[in-house]
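In what follows, a structure is listed as structure tokens, so that the remarks can point back to it.
These numbers come from the heavy atoms of this one structure, side chains and all, not from hydrogens, waters or symmetry mates. For this chain, numbers begin at 1 and follow the sequence in order. Both ligands and their constituent atoms are indexed starting at 1 by order of listing.
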Amino acid sequence: MKKIIIIGACGQIGTELVLNLRVKHGNDNVYAADLHADCPEKLVGGPYVQMDILKKEEVRDFIISEEISEVYLLAALLSATAEKNPAFAWQLNMDGLFTILDLAKEGYLDKIFWPSSIAVFGPTTPQRNTPQLTVMEPTTVYGISKQAGERWCEYYFNNYGVDVRSIRYPGLISYTSLPGGGTTDYAVDIFYQAKLGNDFSCFLAEDTALPMMYMEDAIRATIELMEAPKENVNIRSSYNLSGCSFSPKEISDEIKKHIPDFDISYTPDFRQEIADTWPGSIDDSRAREDWAWQERYDLSMLVKTMLDNVDVNMISEI
Ligand code: NAD
Ligand code: SER
């Protein structure tokens, strides 16, 4: 059995990815790693290690000594948080990637998953049905780090044969853990307020449509890409991926079908400027052609699933 590590395992994606990979590969073969000293309750079913991706030698020693063969590198600062500390965001988002790419280049790893984002696009990118190959002039440090990361992934594949695979995730919507400081976080927060019976003040304007995806689709896409035959993975920068696109008004209208009294107001803040540079929808035909990607959740399924499952106690805990 191969051994896998997910670095940044306690975050919004990591929590669900670890659980899914443990079902597939066995609890003992899937390590969860994150900064926190204690393993979160959701991840206690398998090995957990406290790890700082910026401590290069410790990361290398662990991966080599435990004979890990696959890394999912999720540790990063997301778009909104990164803008508050650009220098550190650049360091975290880039240095960790090099540590893992170099381990693969030296022959210690068979495969790497590293996520990119719709943030690689910018104000000069075509906004609708954004193509896989297009103008990319990101204006946020997060977007710049993801675009640079994509270039380095492709470089390591072309020059050293490193099997690194990547998806440009849209905004991800889930209920098992809270989002970590992105521009799309409103589309998760809104469900907690709706379920609490509160009105919701949105930090984006009502008509700001962004590409989004329900987490189950994102996890399935990640695993499908990682399991695809090597020769089918023709894009070694990062794949466009589309779930459903919606604006704050459209998601609130859908919530109102279940909670008619729900009300939303709009108070755009600095995240509006970020959102204004991102696409409204994505063309993911390359993912469909290369590894048969097909989303399952549309907006109405996503909203029903979230309303059925969000636990409002999670936000009272923070
Ligand atoms: P998150 O902020 O929820 O989780 C990130 C995790 O990384 C946290 O648990 C954090 O403690 C950990 N971490 C931070 N610094 C670390 C370090 N030095 N060493 C080890 N762990 C560290 O983020 P997420 O939403 O799960 O995103 C994971 C990845 O997916 C990121 O690269 C992000 O850019 C990308 N992505 C996410 C989305 C989304 O909507 N969630 C969209 C596009 C791309
Ligand atoms: N959801 C992420 C963010 O808003 C997109 O990468 O930062």
Original post:
What part of Arg168, side chain from CB on, backbone N/CA/C/O, both or neither, has a heavy atom under 4.0 Å from ligand 1?
Top reply: neither
Original post:
Which protein heavy atom lies closest to atom 3 (C) of ligand 2, and at what distance to 0.1 Å?
Top reply: Ser79 OG, 3.3 Å
**OP:** Can you spot which of Thr184, Ile118, Leu172 makes a side chain to side chain contact (heavy atoms under 4.5 Å, CB included) with Met212?
**Re:** Thr184
Original post:
What is the minimum heavy-atom distance between Gly11 and Ser177, and which atoms define it?
Top reply: O-OG, 3.3 Å
Original post:
When you measure from atom 4 (O) of ligand 2 to each heavy atom in Thr183, Leu78, Asp185, which option holds the nearest one?
Top reply: Thr183
Original post:
Can you tell me if Tyr186 has a non-hydrogen atom under 4.0 Å from ligand 2?
Top reply: no
**OP:** Determine, using the 4.5 Å side-chain heavy-atom cutoff (strictly less than), whether Met314 and Phe200 are members of one ILVMFWY cluster.
**Re:** yes
**OP:** Examine the proximity of ligand 1 to Ile118 and report which part, side chain or backbone, both or neither, has a heavy atom under 4.0 Å away.
**Re:** neither
**OP:** Could you see which bit of Leu78 sits under 4.0 Å from ligand 1, with heavy atoms only: side chain, backbone, both or neither?
**Re:** side chain
**OP:** Would you mind telling me if ligand 2 is within reach of the side chain of Ala119, the backbone, both or neither, using heavy atoms under 4.0 Å?
**Re:** neither
Subject >> ligand 2-proximal atoms of Tyr169, by part, heavy-atom distance under 4.0 Å >> reply: neither
Subject >> Closest non-hydrogen atom pair between Tyr186 and Pro248, with its separation >> reply: OH-N, 3.3 Å
Original post:
Measuring from the heavy atoms of Trp114, does anything fall under 4.0 Å of ligand 1?
Top reply: no
Original post:
Applying a 4.0 Å heavy-atom criterion (strictly less than), which segment of Pro170 is in contact with ligand 1: side chain, backbone, both, or neither?
Top reply: backbone
Original post:
Does Gly181 come within less than 4.0 Å of ligand 1, judged by its heavy atoms?
Top reply: no
Original post:
Does Gly182 have a heavy atom less than 4.0 Å from any atom of ligand 1?
Top reply: no
Original post:
Applying a strict 4.0 Å limit to heavy atoms, is Ala9 in contact with ligand 1?
Top reply: no
